[in-house]
Amino acid sequence: MKEKIWLSSPHMGEEEQEYVQQAFETNWIAPLGPNVDGFEQDISAFTGAKHTAVLTSGTAALHLGLILLDVQPGDEVICSSFTFAASANPIRYQGATPIFIDSEPDTWNMDPELLRTAIEDRIEKGKKPKAIILVHLYGMPCKMDEIMDIAEEFGIPVLEDAAEALGSTYKGQSLGTFGKMGTLSFNGNKIITTSGGGALISDEEKLIEKARFLSTQARDDAPHYQHSQIGYNYRMSNVVAGIGRGQMQVLPKRVAQRRENYSFYKSRLSDIEGISFHEEPNPDMSTNRWLTTITVNPDETNGVSREDLRLALQEENIESRPLWKPMHQQPVFHSCPYYGNGVSDKLFNNGLCLPSGSNLTPADRERVVQTIVSVF
Ligand SMILES: *Cc1c(COP(=O)(O)O)cnc(C)c1O
């Protein structure tokens, strides 16, 4: 069996073990400690968000975000349909209803026109959406000017799911810092990882302080254990945050390495008729290229499909993956309102994520390219 090439595997730098070691030496194994503070400061410095709370996962960050926006049972929350289920699940945790919006073809992210249509329609039906969860999929920025204008016009707060977009910018500003709050993920396959973790970021200190409070069981200020609100056990531990501090030091390098993967694949594969790359639509948008994604048009490839490529890669022990299956197609969300145009359905049918880890070797990438070329 040839050596496995992964879609996106963890890539440690030099410093992670030192921070973890420090936690052991000082016995800061208990949840809070200097690595938690340090990691939060590093994230704020990198993104420009004034305040950061590090948490156990990106999903926990989204859940707390919705709680802080006072999303209640029976409320409606708008969400990108083309995403990973973790973007939408926390809406359900709150007993609210997701309203799914399709993508536009330039960024593959939420279509501003459909967003407006949906808001107007929901208001007409009697309920103004409580929040908008806006996903920057595969690191590609949404059309932020258009979307934020609409959100402001209707006075609906935006929670940006930037789980895949740490290191991406729109007009030079970090994604996750446009909305009222933003969320990040440090899960194992993300651009940097703490093995599992996430963060909630915001310019509003009160929100982040409240997130820290809720994520540590919502304990009142008393010598005994007293609670006036329902709390959560969502805080990142000091050991895990030590990994995060080390990873922050290599983040710019990781972005460069992933962007280099994209350039390499594009230079070697874009001549193949029927294969398209996901270009940055304009110079305002800079993506971290978390994953390099292609679409395959079988009408132009003599019938070669996305699935043919995926299976050929699998045969060579190379992991690739279809693009995300949109939420409006998911059995668990089939009864939720959906405002569509067919864009994400088509992307799901024809799209493929290529191996994109920052630790791929030139030989690995060459194997990927050769396998794809051989199918043609
Ligand atoms: C990974 C991911 C999440 C969830 O993050 P976890 O840290 O795994 O909980 C949420 N949204 C998107 C778009 C993701 O890719």
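Start at 1 and go down the list; that is how both ligands and their atoms are numbered.
Qualifying side-chain contact (heavy atoms from CB on, under 4.5 Å) partners for His224, counting only residues two or more places apart in sequence or in other chains: Ala222, Gln226. The side-chain contact (heavy atoms from CB on, under 4.5 Å) test applied to Ala86 returns Thr59, Phe84, not counting sequence neighbours.
Ile91 has its side chain out of reach of Val71: every pair of non-hydrogen atoms, C-beta onward, lies at least 4.5 Å apart.
Checked by atom type, the side-chain pair Glu104/Thr107 shows a donor-acceptor distance below 3.5 Å.
Sorted by chain and number, the heavy-atom contacts of ligand 1 below 4.0 Å come from Ser57, Gly58, Thr59, Thr83, Phe84, Ala86, Ser87, Val135, Asp161, Ala163, Glu164, Ser185, Asn187, Lys190, Gly197.
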- [ ] Walk me through it: do Glu3 and Arg367 pass the test salt bridge (Lys or Arg N to Asp or Glu O under 4.0 Å)?
- [x] CA-CA 11 Å; Glu3 207 184 319; Arg367 243 175 83 199; 6.0 Å; no
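Identified under the side chain to side chain donor-acceptor pair (under 3.5 Å) test for residues 290-299, with sequence neighbours left out: Asn297-Glu300.
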